[in-house]
Amino acid sequence: MTTTQEKSRDFIRTIIAEDLKNNKHGGRVVTRFPPEPNGFLHIGHAKSICLNFGVALENNGVCHMRFDDTNPSKEELAYVEAIKKDVQWLGFDWGANLFFASDYFEQLYDYGIQLIKMGKAYVCSLSADDIRQYRGTLTEPGRESPFRNRSVEENLDLFTRMRAGEFADGTHVLRAKIDMTSGNINMRDPVLYRILHASHHRTGDTWCLYPMYDYTHPISDAIEGITHSLCTLEFEDHRPFYDWLLDTLGTPCHPQQIEFARLNLTYTVMSKRKLLQLVNEKYVSGWDDPRMLTISGLRRRGYTPASLRGFCDTIGLAKRESSVEMGVLENAIRNDLNDTAPRAMAVLHPLKVIITNYPEGREEELAIDNHPKNPEMGKRQVTFCREIFIEQDDFMEEPPKKFFRLAPGQEVRLRAAYLITCDKVIKDADGKVTELHCTYDPASRGGSAPDGRKVKGTLHWVSARHAISAEIRLYDRLFNMENPEADKETNFKSHLNPDSLQILAGCRLEPALAGATVSDRFQFERLGYFCLDCLDTSPGKLVFNRIVTLRDSWEKMEKSN
RNA sequence: UGGGGUGUCGUCAAGCGGUAAGACACAGGCCUUUGACGCCUGCAUUCGUAGGUUCGAAUCCUACCGCCCCAGCCA
């Protein structure tokens, strides 16, 4: 017996454990992740991916990758590739189980014939407008279509000719024959097939008849032997049809659909439609803009797969609608990178410091741990000399109480180097501080004084003579409102944060960073975690993305005062 | 006014008739050559509301209230 508390199971894992216990599906667990290839995956999809693949992994099952590609007018091959890459990058493997709903078009069609023969489906020749009229409203029942009682022969003939391309778009649809008075609108003779003379990214021009999601999904699940079909809450109303279809068809496999609440995060939008708008209207540089909460955006920003999986673990799973604070995501990446990212020193806003009593021509090598808690990550050398850069924020001419950084007459430690004291402040004509003159304590090499005096502040620094230059991009939340969609009167785009990207040129980095390779992640001490940008970095130019800041209790203190 | 869901700390979220887990946030303290990390302490006498059943209710019953989804030939 262990004393560690068992992590509580979510309601879906509870159901699955129960099913396993009762041998409901012969002890099998088969799930599926069914994206539509009409956009990039986002953090909300990560929740579903972690759930579906996670649950399979935990139960010796498998998770199928299935593209729900039933609408040729919105879908593209490029999205298929991007989605596959994202899922793999997240760390999941579908093995041989890569499927496309379009692979089932022929079987789906045969099932359509079967439904017609059973008298459970008919060709309806009402216009789209009329179908809507006949459907009724939320509170009034619908009316039966005048075409509802066509003979099986006529339906068969029409359906065959629909496939053959004899009719124009919108002239006929195939509908299930269920109940026009049902309180559930999805049961009022839902459309199964529509005519679409459009070419499909996989089947080309083979078809001009395409199945609807509601019809395709249950059958695809059944064909693949899915045991648990996990989807989001808005499909709860569709479950009766899901079950009706498979019961009517008498498929040997009848998966159980279970719905869970989709992920919402503060300070962002999560719908593909809105993300697409941001891309198309150039509010961001693309689907993989580091400010986008797409998987590819997060990847480029520097988030690790492990941090995203950890995040999905923390947020839990339930049926009630909720909105997770952005801080939880940030916490996930800090947690991961705190353990794994090597430390380095970088100065974002350089302020020159001259150590007046340090010999002009002298330079010395100092060793610094790459990680404070993990000696196995080794040490590196940094060069100290008479001229260095510190962060502008680390100096104040008239410091408030508890400002432990540099100020006239105040002593601080330069990380792993020496204790220095500020003697003189040099300013330009506008009164802006341009340079500091300091003296160092030669006995404090390494950063501590032999007399044991306490120095509270420690600053990061780089040698002005040895530092390399880099561009650093600071990102902030894309929206400046917790829920950009809350205000129905205004467009979500009017809540975009104008300061979501700040580009800093001429940042100064310790020379060791010149050897960084694409996607390397570092903690720049006292600043945050940074990742070498994979797109804009070139041999002569380093570009770092700030993934997330470090927690900053000084900033918090300042704000509360 | 039809149908389907859902209401437990600021935010997520356990709990399944035996007397409110955990995480993030927040507050205070310790530690610190990163104001980081780490560590310690505190943080729902109360579970949408009102009744009822019971020795005992967040858990069962009744009524009410709030919020979300559904009227695509989208998924």
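Just so it is clear: chains get the letters A, B, ... in the order the sequence lines come, proteins before strands, and each one is counted from 1.
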What is the distance from CZ of A:Arg9 to C1' of B:C16, rounded to the nearest Å? 13 Å
Residue whose nearest RNA chain B nucleotide is more 5′ - A:Ser444 or A:Leu317: A:Leu317
Using the benzene-type ring in the case of Trp, are the ring centres of A:His200 and A:Phe105 under 6.0 Å apart? yes
Nearest-neighbour nucleotide for the A:Ala318 side chain, B:A23, B:C24, B:A13 considered: B:A13
N or O in side chain of A:Ser553 less than 4.0 angstrom from B:A36 OP1/OP2: yes
Whole angstrom is fine here: how far is it from CZ in A:Phe404 over to C1' in B:U34? 14 Å
Strand contacts (RNA chain B) in residues 259-273 of chain A, 4.0 angstrom heavy-atom criterion: none
The side chain of A:Arg320 lies closest to which of these nucleotides: B:C12, B:U34, B:G7? B:G7
Sticking with atom P, work out how far B:G15 lies from B:U8, rounded to a whole angstrom. 15 Å
For A:Arg551 and B:C31, give me the distance from atom CZ to atom P, rounded to whole Å. 20 Å
Applying the Watson-Crick and G-U wobble criteria at under 3.5 Å, what pairs with B:C9? Answer none if nothing qualifies. none
Decide yes or no for A:Glu321 and A:Arg262: does some side-chain heavy atom of the first lie under 4.5 Å from some side-chain heavy atom of the second? no
Whole Å only: how far is the NZ atom of A:Lys319 from the P atom of B:U6? 5 Å
Passing option when A:Tyr215 is tested against A:Phe241, A:Tyr193, A:Tyr210 for ring pair (Phe, Tyr, Trp, His ring centres under 6.0 Å): A:Tyr193
For B:A27, the Watson-Crick or wobble counterpart (both distances under 3.5 Å): B:U41
Report which part of the nucleic acid A:Pro372 touches: base, sugar-phosphate, or nothing (heavy-atom distance under 4.0 Å, all strands). base
Students often get this wrong, so: under 4.0 angstrom with heavy atoms, is A:Phe403 touching a base, only sugar-phosphate, or nothing? base
Mind checking whether A:Tyr109 and A:Phe159 have ring centres under 6.0 Å apart? yes
Which distance, rounded to the nearest 0.5 Å, do you find between the CZ of A:Phe167 and the CZ of A:Arg161? 4.0 Å
Nearest whole angstrom, please: distance from the C1' of B:G4 to the CH2 of A:Trp244. 20 Å
Counting any heavy atom closer than 4.0 Å, what does A:Arg343 reach on the DNA or RNA strands: base, sugar-phosphate only, or nothing? base
Can you tell me, in whole Å, how much space there is between the C1' of B:A13 and that of B:A20? 13 Å
From the set B:G2, B:C24, B:C37, return the single nucleotide nearest to any side-chain atom of A:Glu325. B:C24
Please confirm whether any donor atom in the side chain of A:Glu140 sits under 3.5 Å from an acceptor in the base of B:U1, or the reverse. no
Expressed as a whole number of angstroms, how long is the span from A:Phe311:CZ to B:C12:P? 12 Å
Let's see if you get this right: which residues in residues 452-461 of chain A place a heavy atom under 4.0 Å from RNA chain B? A:Lys456, A:Thr458
Using ring centroids (six-membered ring only for Trp), state whether A:His217 and A:Tyr213 fall under 6.0 Å. yes
Taking the side chain of A:Asp552 as its heavy atoms from C-beta onward, which of B:G35, B:U1, B:C37 lies nearest to it? B:G35
Donor-acceptor pair under 3.5 Å: do we get one between A:Arg413's side chain and the base of B:U32? no
Has the side chain of A:Arg415 got a donor or acceptor atom sitting under 3.5 Å from an opposite partner on the base of B:U34? no
Please report the distance, rounded to the nearest Å, between CG in A:Asp393 and C1' in B:G35. 13 Å
Counting primed atoms, P, OP1 and OP2 as sugar-phosphate and everything else as base, the B/S/- map of nucleotides 69-75 of chain B against protein heavy atoms under 4.0 Å is BBBSBBB
What distance do A:Leu414 atom CG and A:His460 atom NE2 have between them, rounded to the nearest 0.5 Å? 11.0 Å
Reckon A:Lys373 has a side-chain N or O less than 4.0 Å from the OP1 or OP2 of B:U34? no
Mapping A:Lys556 and A:Thr14 to their closest nucleotides on RNA chain B, which lands nearer the 5' end? A:Thr14
Validation row, ring centre A:Trp554 to ring centre A:Phe404 under 6.0 Å: no
B:G35 phosphate, OP1 or OP2: any side-chain N/O from A:Arg405 under 4.0 angstrom? no
